[in-house]
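The shown structure was predicted, so the numbers you read here are calculated from the model rather than taken from an experiment. Residue numbers start at 1 and run along the sequence shown.
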Amino acid sequence: MLTISDQDFTRLHTFIKQKYGIDLSKKKQLIVGRLSNDIMARGFNDFSSYVNYIMTKATPSDIDGMLNKLTTNYTYFMREEDHFAFFRDTILPYLEQTKKNRVLSIWSAGCSSGQEPYTISMILKEYFGSKAGMWDTRVLATDISQNALSAAQNAQYDEESLSKLPAGWKTKYFNRTQEPGVWTVKPELKSNVIFRTFNLMEPIRFKIPFDVIFCRNVMIYFDQDTKNALVNRFYDATVPGGYLLIGHSESIDKSATRYNYVKPALYRK
């Protein structure tokens, strides 16, 4: 295993934080442990030359590979399902009553391999039922990782990832593949999710503000100042009365946000 000097460690974690918001300033051993083999396999003799490359010549694929190794993209369908119950029982009835144009604007920010936006889409279809065709329920799903987005668009999942779905949803919204134990999202569900590459450190300049923003288990990698700035950008991109949902392991500084606290991990403008 390689070693990394304090200087190169500082250069690398500072670069990652400034560009992508991820705070690895206390993760020196994690960086060494997760990157060493890959660095050597790619022909670099030491961390210094690798850091030089990352900071000056790296391609988006290089950055993607590095970030994937340094962060965990573990997720599954219906994760933190009380969020989805609130979405179904409280948020959607409110939106159904107030959205006269029948256009919903929902963002899965940091969508990883797609389980969250597909879950949201299934709930939308279940809620609206036969009226679904009268509504624009498309979900915007973004992530910084091209690998994660490719997996989301490929839309193939194993039995474990699907295990929390309500009875009947698997056969209703998924098809079996030829590979045992692997299912793929049906086209009518897949077409309801729009995938885009987006870095949450960038200004939020989508055409219309959002009724609901899901950004769950993403900010665990951000320090407090980065989180506060991102939440403020979310607020500016939320319609009055709209909602922000974060992960249960995350927190927002209530004194630094203009959102109103609703319940744990759930806020409203």
Residue pair N232 / A256: nearest heavy atoms and the distance that separates them: OD1-O, 3.7 Å
Smallest heavy-atom separation, A141 atom then V193 atom, equals CB-CG1, 3.8 Å
Yes or no on salt bridge (charged side-chain N to carboxylate O under 4.0 Å, His left out) for E250 and R216, after CA distance, side-chain angles and deciding distance? CA-CA 8 Å; E250 300 169 310; R216 305 186 307 156; over 6 Å; no
Under a 4.0 Å threshold between the charged nitrogen and the carboxylate oxygen, would E96 count as salt-bridged to K131? yes
Using the six-membered ring wherever Trp is involved, compare the ring planes of H248 and H83 and label them parallel, tilted or perpendicular (cut-offs 30° and 60°). parallel
Do S61 and D64 pair up side chain to side chain, a donor and an acceptor below 3.5 Å, judged on atom types alone? no
Does the side chain of S49 pick up a donor-acceptor pair with the side chain of D46 at under 3.5 Å? yes
Taking 4.0 angstrom as the limit, do E188 and K172 come out as a salt bridge? no
Report yes or no: do D23 and T226 form a side-chain donor-acceptor pair below 3.5 Å? no
Which atoms form the tightest heavy-atom contact between I54 and F15, and what is the distance? CG2-CE2, 3.6 Å
So, do S249 and I220 sit near enough that their side-chain heavy atoms are less than 4.5 Å apart? yes
Donor-acceptor check, side chain of K17 to backbone of L24, threshold 3.5 angstrom: yes or no? no
Given R42 and D62, is the salt bridge (charged side-chain N to carboxylate O under 4.0 Å, His left out) satisfied, shown in steps? CA-CA 11 Å; R42 297 180 60 191; D62 294 326; 2.8 Å; yes
R268 to Y94, cation-pi by 6.0 Å centre distance and 45° axis angle: yes
Considering non-hydrogen atoms only, spot the tightest contact between K269 and Y235 and give its length. NZ-O, 3.0 Å
Out of F87, Y243, F234, which one pairs with F214 under the ring-ring contact (aromatic ring centres under 6.0 Å, His included) rule? F87
Would K125 and Y173 count as a cation-pi pair here, with the cationic atom under 6.0 angstrom from the ring centre and within 45° of the axis? no
In short, T75 meets S113 closest at the heavy-atom pair CG2-OG, 3.8 Å
Give a yes/no verdict on a cation-pi contact between K164 and F77, requiring under 6.0 Å between NZ or CZ and the six-membered ring centre and an angle within 45° of the axis. no
At what distance, to the nearest 0.5 angstrom, does CG of D136 lie from CG of N192? 8.0 Å
Contacts of type salt bridge (Lys or Arg N to Asp or Glu O under 4.0 Å), residue D253, not counting sequence neighbours: none
Flag for T177-Q156: side-chain donor and acceptor within less than 3.5 Å: no
Between R11 and F47, is any pair of side-chain heavy atoms under 4.5 Å apart? no
Kindly give the heavy-atom pair with the smallest separation between Y157 and L162, and that separation in Å. O-CD1, 4.2 Å
